[in-house]
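Heads up: numbering here begins at 1 and tracks the sequence.
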Amino acid sequence: MCADDGISKKKIGYSEPAPGKIFLLIPVTVENQGYEEFPLSPYQFKLTVDKVKYDSAYLSYTMSQAGLVPLESVELQDGGKISGYISFEVPASTTDYELSYDTWAWEDYDVKLRKC
């Protein structure tokens with residue numbers, strides 16, 4: 001998996017973040033390299049800011065309205081590849097963050113995140 005720097009927004013479509021927060025949209029590309037199937041969900045991504053881990057924000061519909069392709073929940077077959085944006089609602093002062101992918105406890109996937 002690879003991710004580029006995020007885009008911060010104060011509003012996406014009709015959606016606005018809570019006071020003191022922004023939407024951070026992170027473009028990612030996910031490729032299955034060697035597993036028969038890899039269950040991908042944008043809701044398994046987490047963003048750590050100042051030692052606080054944030055869940056992804058549900059903005060698929062409004063991201064589409066803003067011309068951005070949201071990352072879909074899919075089953076990636078071996079060699080399959082998909083790209084899209086993941087959204088997070090984080091403090092407006094956010095400048096440094098770490099993206100991670102949490103697999104289910106019973107899954108044993110080697111997930112590597114890197115810059116695209």
Side-chain angles (χ1 to χ4, degrees):
M1 288 186 208
C2 65
D4 283 328
D5 291 333
I7 302 166
S8 62
K9 298 275 189 183
K10 293 182 181 177
K11 185 176 182 179
I12 301 174
Y14 294 109
S15 298
E16 293 185 31
K21 296 202 171 186
I22 58 168
F23 291 127
L24 186 60
L25 309 169
I26 301 176
V28 297
T29 298
V30 180
E31 184 175 2
N32 180 347
Q33 296 179 341
Y35 296 103
E36 187 176 319
E37 276 189 346
F38 178 74
L40 175 68
S41 171
Y43 304 108
Q44 294 299 109
F45 282 89
K46 308 293 181 198
L47 196 73
T48 304
V49 176
D50 296 328
K51 300 189 186 247
V52 177
K53 202 177 260 193
Y54 293 89
D55 292 325
S56 59
Y58 182 75
L59 293 174
S60 294
Y61 180 70
T62 51
M63 276 198 293
S64 296
Q65 288 180 324
L68 301 171
V69 176
L71 188 66
E72 297 177 77
S73 290
V74 296
E75 294 285 333
L76 278 178
Q77 304 299 308
D78 189 13
K81 186 176 181 178
I82 191 169
S83 297
Y85 282 85
I86 306 166
S87 56
F88 296 90
E89 188 173 339
V90 296
S93 61
T94 298
T95 57
D96 192 34
Y97 55 85
E98 182 178 330
L99 183 67
S100 60
Y101 188 82
D102 290 345
T103 59
W104 300 105
W106 61 86
E107 296 173 335
D108 189 24
Y109 294 106
D110 182 20
V111 176
K112 295 178 179 126
L113 294 171
R114 62 178 170 77
K115 291 292 255 179
C116 294

| Intermediate values then yes/no, side-chain hydrogen bond (donor to acceptor under 3.5 Å, both in side chains), Q77 and E37 | CA-CA 5 Å; Q77 304 299 308; E37 276 189 346; 3.2 Å; yes
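Proximity of a side-chain donor or acceptor of N32 to a complementary backbone N or O of G79 within less than 3.5 Å is not detected. A donor-acceptor pair under 3.5 Å is formed between the side chain of E89 and the backbone N or O of A18. Of the possible polar contacts, none joining the E16 side chain to the K11 backbone as a donor-acceptor pair under 3.5 Å is found.
For the atom pair OH of Y97 and CG of D50, the computed distance is 13.5 Å after rounding to the nearest 0.5 Å. Rounding to the nearest 0.5 angstrom, the gap separating the CG atom in D102 from the OG atom in S41 is 11.0 Å.
A heavy-atom distance below 4.5 Å is found between the side chains of L40 and L71. For the pair E36/D78, no side-chain contact is recorded, criterion being any heavy-atom separation below 4.5 Å from C-beta on. At a threshold of 4.5 Å between non-hydrogen side-chain atoms, the residues T94 and L47 do not count as touching. Between V49 and L24, every side-chain heavy-atom pair lies at or beyond the 4.5 Å cut-off. Proximity of P27 to S83: side-chain heavy atoms (C-beta onward) are nowhere separated by under 4.5 Å. Between F45 and L99, the closest side-chain pair of non-hydrogen atoms falls below 4.5 Å.
Minimum heavy-atom separation, S56 to I86: CB-CG2, 3.8 Å. Minimum heavy-atom separation, K46 to F88: C-CE2, 3.9 Å. When all heavy atoms are compared, the tightest approach of L25 to S87 is CD2-CB, 3.4 Å.
Within a 6.0 Å radius of OH in Y43, more than 12 heavy atoms belonging to other residues, nucleotides or ligands are found.
In this structure K81 satisfies the side chain to side chain contact (heavy atoms under 4.5 Å, CB included) test together with T29, E31, sequence neighbours excluded. With sequence neighbours excluded, the residues satisfying side chain to side chain contact (heavy atoms under 4.5 Å, CB included) with S15 are F23, L59, T62.
One hydrophobic cluster holds both V52 and V90 under the rule that ILVMFWY side chains link at heavy-atom gaps under 4.5 Å.
The aromatic rings of F38 and Y101 sit tilted relative to each other, their planes meeting at an angle between 30° and 60°.
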